[in-house]
*Asks:* 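Take this structure first; my questions come after.
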Amino acid sequence: MRQSRHIGKTLRETPKDAQTIAHSLMLRAGYIQQLSAGVYVYMPLLHRTLTRISQIVREEMVAAGAEELLMPALQPKELWEESGRWERYTAIDGIMFAFKDRRGSTVCLGPTHEEIITDILRQEIKSYKDLPKCAFQIQTKFRDEIRPRFGLIRAREFIMKDAYSFDVDEQGLEVSYEAMRKAYHRVCQRLGFKYCAVEADPGAIGGSGSQEFMVLADTGEDTILFCNKCDYGANQEWASSVIETFPQNEEIKPIQEVLGEGIIKAEPLCKFLNLPMWKITKTILYEADGKLVAVMVRGDCDINEVKVANYLKCKSLRLLAPEKIKQLTGAEVGYAGPIGLPEGTLIIADNYVKDRINFECGANKTNYHNINVNFGRDLPYPEFGDFKLAEAGDGCPKCNGKLDSARGIEVGHIFKLGTKYSEAMNCRYLDAEGKSRPVIMGCYGIGISRIAAAYIEQNHDDKGIIWPIQIAPYHTHLIGLNLEEKNVSNEAERIYSVLQQEGIDVLYDDRQLRAGEKFSDADLIGIPIRLTMSKRTAEQGKIEFKLRTEKKSEVLTLQEAIAKIKAIIKESESKKSK
RNA sequence: CGGAGCGUAGCUCAGCCUGGCUAGAGCACUUGGUUUGGGACCAAGACGUCGCCGGUUCGAAUCCGGCCGCUCCGACCA
């Protein structure tokens, strides 16, 4: 491509809306243009990169035994009602774009495709002999995100690869899931990511287990925790951890109400009462689908609301508003405790709350706290579970290691769905005994457009993007200098066409600009190999070769340069799965 | 949705508080000249429904009201 005819001007200044480096660089280098909130034009350079990312993903999906198809983005309401997700996705969460067509039928733009694929496969699968099956597509998804942000990281329209597996039983699902898990690792490796795969919350998609593929970046929206000894890793919203416990060998004391005026929050409280943090109890009041719930955790812990919501199986979980707390408990915020809550309040407590004696908790009276509280005597044992937020420094739940934390961008997420959709939508088969069984499903997503943004977030310098050869928009960037001299421009033109004949993708900067501007643009755009033809090199009959990752350049013959470029391309292609 | 902010040239922004006549700057763009291997310089030019609608006023980018759009902080997720 001749840069003089290329669409996508570079900008010197950072557009003010860009909050992350990747977003800013993509705007400045002409990879994206914003059309409205969370909606972007994929400009020619990005389009090429997305095509390459898609191709890598496609190759690994096919190698894992999946078959490609393409489903409609426009979907009928009926299938979503059948799966039971219509209300959640529209009225409750509002994540789905839905509207009426001219005949008055309600339709929506697909945020995901479990319903459609299940509808297709239930017509396909009749017998255990029809299984297993695995299908994937690379397609535009629509999600009316509550808050789109960071450019392509969280967009309302984005490109996703989604795959769906169908098996006869759990063991079959294990095999399919494992094949996808490996394929996801290969995709991440081929792309050249610094990443990690972690256990995750299946969330709205549902199912029994899931893993997220996290690209490590400080601007990531997620916090991940991983063990410094074993392979345990999990999204913080899903992670469990081990914390220190203390011997409970003191005598059981009588419960006592203590005045501690204006003293709230665990730390001031433990100083005031001269108690260790772990003896304090945080009791937080929530409204779960309109029902009052009190959650207790140890004073040195925080609550993980995802765990609480999962335990309660509720659709919405909100902190109780201060006015409501006062109305229901009679106390200001900060004095809530498990004793004396309104009738019918569900009390749940973190496991680490359980084996303590003579602990503290709020008295549900402004300025008062109870000490020497004991389960069984002062209040019944509540329901216990894992509700605390795991944090860096906690112990690993699998070994005796410690958890470290990092920020990550979720580029892939794989789920064991089980029978959630096949039961709801009647996707069944007859087994060898002639018995009807629901198909066991899995689903597997990769954010194609997000990968581009995540890669830049992880690989850039102060001058611009640094693409690897496998997903760069072009393999080489040919820079022509001194083009006003006929012999130089002739030579540059010749090299441009030789490179093309050799099957090397080349962006040829044939613009009449100064060297500095061309080099700056080249650094910004980030094509991995730069070839420079100028008066200087033309005289030697050679060309300057430079890698985007290196400071130094070398002067080579065209043949040598081509050989090097081909070696680099070949090296990246050797990672492809057969 | 709750909280905060912004909307003036392609981009970054000044002007608004304290209303005033042809609305500014830098970058980008056009033309000419000098330059020419890391975002040059000089000169001349082109480019604006000041987000939209309404109100106040002799007069509105500026004050007031409504609407729209965008961004940030929280819940969502590939």
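Chain A is the first sequence line, chain B the second, and so forth, proteins listed ahead of strands; every chain is numbered from 1.
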*Asks:* Any strand counts, and the cut-off is 3.5 Å on both contacts for Watson-Crick or G-U wobble. Which nucleotide pairs with C16(B)?
*Replies:* none

*Asks:* Go ahead and name the base partner of G26(B); Watson-Crick or wobble counts if both distances stay under 3.5 Å, otherwise write none.
*Replies:* C11(B)

*Asks:* Within this structure, what is the OG-CG distance for the pair S449(A) and L50(A), rounded to the nearest 0.5 Å?
*Replies:* 6.5 Å

*Asks:* NA contact type, A155(A), heavy-atom cut-off 4.0 Å: base, sugar-phosphate, or nothing?
*Replies:* base

*Asks:* Given that both distances must come in under 3.5 Å, which nucleotide forms a Watson-Crick or G-U wobble pair with G32(B)?
*Replies:* C42(B)

*Asks:* Using a 4.0 Å heavy-atom cut-off, does L483(A) contact any base of the nucleic acid, only the sugar-phosphate backbone, or nothing at all?
*Replies:* nothing

*Asks:* With rounding to the closest Å, how many angstrom separate the P atoms on A60(B) and C52(B)?
*Replies:* 15 Å

*Asks:* Check the pair T112(A) / E114(A) against side chain to side chain donor-acceptor pair (under 3.5 Å), numbers first and verdict last.
*Replies:* CA-CA 6 Å; T112(A) 176; E114(A) 283 79 14; 2.7 Å; yes

*Asks:* Work out how far the C1' atom of A44(B) is from that of G5(B), and round it to whole angstrom.
*Replies:* 41 Å

*Asks:* Sticking with atom C1', work out how far G19(B) lies from C50(B), rounded to a whole angstrom.
*Replies:* 15 Å

*Asks:* Report yes or no: is there a donor-acceptor pair, N or O only, under 3.5 Å between the side chain of R143(A) and the base of C77(B)?
*Replies:* no

*Asks:* Reckon R511(A) touches a base, only the sugar-phosphate, or nothing at all at heavy-atom distances under 4.0 Å?
*Replies:* nothing

*Asks:* Using the P atoms only, state how far C47(B) lies from A23(B), rounded to an integer number of Å.
*Replies:* 13 Å

*Asks:* Considering every strand shown, what is the Watson-Crick or G-U wobble mate of G54(B) when both distances are under 3.5 Å?
*Replies:* C64(B)

*Asks:* Tell me which of D222(A) and E484(A) sits closer to the 5' end of RNA chain B, going by the nucleotide each one is nearest to.
*Replies:* E484(A)

*Asks:* What about F387(A) and Y311(A), are their ring centers closer than 6.0 Å?
*Replies:* yes

*Asks:* Please determine if K324(A) and E287(A) form a salt bridge, counting it only when a charged side-chain N lies under 4.0 Å from a carboxylate O.
*Replies:* yes

*Asks:* Taking NZ, NE, NH1 and NH2 as the nitrogens, is one of them in R149(A) or E221(A) under 4.0 Å from a carboxylate oxygen of the other?
*Replies:* yes

*Asks:* What is the separation between atom CD1 on I224(A) and atom P on C77(B), rounded to the nearest whole Å?
*Replies:* 18 Å

*Asks:* R154(A) CZ to A75(B) P: how many Å, rounded?
*Replies:* 11 Å

*Asks:* Salt-bridge test for R548(A) and D461(A): reply yes if a basic N is under 4.0 Å from a carboxylate O, no otherwise.
*Replies:* yes

*Asks:* Using a heavy-atom cut-off of 4.0 Å across all strands, would you classify L481(A) as base, sugar-phosphate, or nothing?
*Replies:* base

*Asks:* Given atom CD of E114(A) and atom P of C77(B), what is their separation to the nearest angstrom?
*Replies:* 13 Å

*Asks:* Regarding R450(A) and the six-membered ring of F158(A), is the cationic atom NZ or CZ under 6.0 Å from the ring centre and inside 45° of its axis?
*Replies:* no

*Asks:* With a 3.5 Å cut-off and no angle check, do the side chains of S577(A) and R186(A) form a donor-acceptor pair?
*Replies:* yes

*Asks:* Determine the interatomic distance between P on U36(B) and the same-named atom on C41(B); round to the nearest Å.
*Replies:* 15 Å

*Asks:* Under 6.0 Å between ring centres: does that hold for Y444(A) and H413(A)?
*Replies:* no

*Asks:* In whole angstrom, give me the gap between the C1' atoms of C53(B) and C58(B).
*Replies:* 23 Å

*Asks:* Protein-nucleotides 25-29 of chain B N/O pairs closer than 3.5 Å?
*Replies:*
from, atom 1, to, atom 2, distance (Å)
G26(B), N2, E13(A), OE1, 2.8
A28(B), OP1, R12(A), NH2, 2.9

*Asks:* Say whether R58(A) and Q55(A), considering side chains only, have a donor N or O and an acceptor N or O under 3.5 Å apart.
*Replies:* yes

*Asks:* Taking the P atom in each of C73(B) and G59(B), what is the distance between them to the nearest angstrom?
*Replies:* 44 Å

*Asks:* For the residue pair S165(A) and L173(A), establish whether any side-chain heavy-atom pair is separated by less than 4.5 Å.
*Replies:* yes

*Asks:* State the pairing partner of C70(B); accept Watson-Crick or G-U wobble contacts with both distances under 3.5 Å, and report none otherwise.
*Replies:* G5(B)

*Asks:* Measure distances between side-chain N and O atoms of R450(A) and base N and O atoms of C77(B), and say whether any donor-acceptor pair falls under 3.5 Å.
*Replies:* yes

*Asks:* Under 6.0 Å between ring centres: does that hold for H185(A) and F213(A)?
*Replies:* yes

*Asks:* Could you check whether D521(A) gets within reach of a base, just the sugar-phosphate, or nothing at all, counting any heavy atom under 4.0 Å?
*Replies:* base

*Asks:* Taking the C1' atom in each of C77(B) and C13(B), what is the distance between them to the nearest angstrom?
*Replies:* 35 Å

*Asks:* Looking at D144(A) and R156(A), is any side-chain nitrogen of the basic one under 4.0 Å from a carboxylate oxygen of the acidic one?
*Replies:* yes

*Asks:* For F519(A) and G39(B), are the ring centres under 5.5 Å apart with planes inclined under 30°?
*Replies:* no

*Asks:* I'd like to compare against my own output: the B/S/- annotation of nucleotides 69-74 of chain B with a strict under-4.0 Å heavy-atom distance to protein.
*Replies:* -SSBBB

*Asks:* Can you check the E157(A) CD to A78(B) P distance for me, whole Å?
*Replies:* 18 Å

*Asks:* Run the ring-centre check on Y455(A) versus F193(A) and record whether the distance is less than 6.0 Å.
*Replies:* yes

*Asks:* What N/O pairs connect the protein and nucleotides 30-35 of chain B at under 3.5 Å? Give each pair on its own line.
*Replies:*
from, atom 1, to, atom 2, distance (Å)
U35(B), O2, R514(A), NH1, 2.6

